[in-house]
Amino acid sequence: MIAYNTLVVLSGCALLGIAAGTVGTFALLRGRVLVSDAVGHAALPGVAVAALIVALLGADPRALPPLLAGAAIAGLLGVLAVQALTRTKRIREDAAIAVVLSAFYAAGVALLSWLQTLPGAAQAGLSKFILGQAAAMRAEDALIATTVAALCLALVLLSFQRLRSVAFDADFARVQGLRTDRTDLLLLGLIVLVCVSGLQAVGLILVVALLVLPAATARLVTHRLPRMLAVAAATGGLAGASGAWLSALHPEVPTGAAVVLVAACLFTLALLLAPERGLLARAWQIAGRRLSADTEHFLRAAWEAQEAAGAGPGTAGDRWAPIGAVAAARGWSLGKARRLAFWLAQRGLVARAEDHVHLTPRGATLARRAVRAHRAVEHHLLAAGAADAAAADRLADLVEHGLPPGMAARLLPEPSALPASPHALGARR
Amino acid sequence: MSAPLEVQHLTVAYGEKPAVWDVTWSAPPGLTAIVGPNGAGKSTLLKAALGLVPVLSGEVRFFGRRLDDVRNRVGYLPQRASVDWDFPATALDVVCMARYPRMRWWGVVPRAEKQAARAALEQVGMSEYADRQIGRLSGGQQQRVFLARALAQDADLVLMDEPFAAVDAATEAAIVGVLRSLAERGRHVVAVHHDLATVPEYFSSVLLLNARVFAAGPVKEAFTNRNIAATYGARLAVLDEASVGAAAVGT
């Protein structure tokens, strides 16, 4: 049975993750991620000042709304400071962000320390905003998270078209008469909203991770924007809920850290395993291409080794070729040639015996095609006077594998005959 | 009838270097090329006319009116390199963005607008790639998507920034076909162009620009060897004059 309080924290974090995923998608696409970091850090002095005012007025210093209002105002001031600094053109935006972020944060830390020396409970629990403490979330705080999430979702969905237009091509949108400055302001407002409402649960240092990680994860697994939004929201929600759950099981781990760690794990998984953009898929693709090029090179070298041993052009394939000759022709190590021979034998393209290979009928067909493609390119380059025989050989090696069907026939007018190699066959020059 | 595009005493500067210097010019109806050496302010002139870069001084009129009053009559084809092609969108998504002013700003793209976008893709020979992610298109195909987007704006005047830059033969043919069909329908095009050899074939009028106007008019009259040599050769002299002028403005 989940405790009522855990349920509150869980749903609050999940909703926060959903809001952050949706807003983060456009923050990422519009290049506003670093600015979000500035918003988070700049919020600290706002929290401190708000706490001081609340304490001076004698109200409940633990009430969330005034603190969050202070955070929002300070976060906005931070962004305005970044924009003003960038506009002077004396430093670039990344430097401006770093300056504002650290200066505001330092001011916040100093204010907090000073508040600590004051009598009373003015600073009670304020440092929890730095690293987050979702366990302190009360039902009314979860209500704030719900409101924020709903507001973010509604605004993003309603403004979907214009957010996308501006993120893709702001100049074009401006020519169309779209007020891009207002759209950017809307996005900024959403970012501030998410950052501020995430302060209590995740903390101001980690809140940027909640914006960027789900969006970056989603970008890896899809290249459709509506799907990216959905995946980012789901990832954010999942990270929020499971992070809160983990931290409920292990109270020594702060919720913010748990949420971000889960999000980072999801991102790493996507980075490795995403079907098209993932690293493994990419590596697999490259290895496959390399292997197919090696296969063609091996078969052609085996064919040509037999030609060199006396079989005329077009009739090779009946004799046994030494693997050593193939390795020498390709400039490969004997080990690599042997491994390829083993692999090709597995695929039924060659037969192996005593360090010799013999092309099977299927292997001979492929070898003939490879030889033909190679020589077609060679003869074409030579006929065009574009290269000498050795250079033509090297160039043909590079392009022959991607040759579309029919191209070899077009380069080499006689489809049936296989011309002799324009250069001596054998070991690599 | 007012000229499709008219600029008067337009001056634009990036930092302290003037890019466009006191340009007064009016684009004639039909197809017009803006020609000049690299860094001559050709793209800057287009962007300044469209209000995308701040101008120091000068007036811009489209069809005799301010741009804000005739935005639906003006289309734009920016340089291909100006956007991130890894953006999660399909070719059709990008072209649909041109129909934005015709839609309500909430909700999904209406079917009629999608139809118009598909028709534009058809016109540039890109129908079969409508649902492909733009990052997976070749450079020439991406350029045709941009062209389709400009067409989908259904504007009376299209400003094109280097439409022929680094494109394959099929794309070049598609662009030329689009230019001709626009001209036949009485539309106007002002295009930044860098290939001097094809100017007489593709365009009816020309503006020779190198920070300031060197010659302008019908290709037969203005596009002479003498004018071209002056535009391309006089670069240093012009910049000297311009920097002196800028220094005077700055003080």
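Scope of the values below: all heavy atoms of this structure, side chains included, with no hydrogens, waters or symmetry mates. Nothing here was measured: the structure is a model prediction, and the numbers come from that model. By convention in this document, chain letters (A, B, ...) are assigned in the order of the sequence lines, proteins followed by strands, and residues within each chain are numbered from 1.
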Quiz item: cation-pi between A:R162 and B:Y100, 6.0 Å / 45°: no

Can you confirm whether more than 12 heavy atoms, excluding those of B:R185, are under 6.0 Å from its CZ atom? yes

So if I take each residue of residues 45-55 of chain B and look for any heavy atom under 4.5 Å from a heavy atom in chain A, which residues do I end up with? B:L50, B:G51, B:L52

Residues in ring pair (Phe, Tyr, Trp, His ring centres under 6.0 Å) contact with B:F87, at least two apart in sequence or another chain: A:F168

So, does B:R71 use its side chain to make a donor-acceptor pair with the main chain of A:R174 at under 3.5 Å? yes

Residues at least two apart in sequence or cross-chain that pass ring pair (Phe, Tyr, Trp, His ring centres under 6.0 Å) with B:F146, listed by chain then number, are B:W85

Taking B:D68, B:L77, B:N72, B:D93 one by one, which has the highest count of heavy-atom pairs under 4.5 Å against chain A? B:D93

Side chains of A:R164 and B:V94: does their closest heavy-atom pair fall under 4.5 Å? no

When rounded to the nearest 0.5 angstrom, what distance separates CG in B:D86 from CZ in A:R219? 4.5 Å

Nearest non-hydrogen partners of A:F172 and B:P78, listed with the distance: CD1-CD, 4.5 Å

Contact leader toward chain A among B:L67, B:V74, B:V83, B:L159, where contacts are heavy-atom pairs under 4.5 Å: B:V83

Side-chain heavy-atom pair A:L29, B:P88 within 4.5 angstrom cut-off: yes

Give, as side chain, backbone, both or neither, the part of A:A167 having an atom under 4.5 angstrom from any heavy atom of chain B. both

Looking at side-chain heavy atoms only, is the closest gap between B:Q133 and A:T222 below 4.5 Å? no

Within the 4.5 Å heavy-atom criterion, are B:I134 and A:H223 side-chain neighbours or not? no

Does any part of the side chain of B:V109, heavy atoms only, come nearer than 4.5 Å to the side chain of A:Q161, both counted from C-beta? yes

Any side-chain to backbone donor/acceptor pair from A:Q176 onto B:P101? Under 3.5 Å, distance only. no

Residues in ring pair (Phe, Tyr, Trp, His ring centres under 6.0 Å) contact with B:Y76, at least two apart in sequence or another chain: none

Checking heavy atoms, do the side chain of B:A150, its backbone, both or neither come under 4.5 Å from chain A? neither

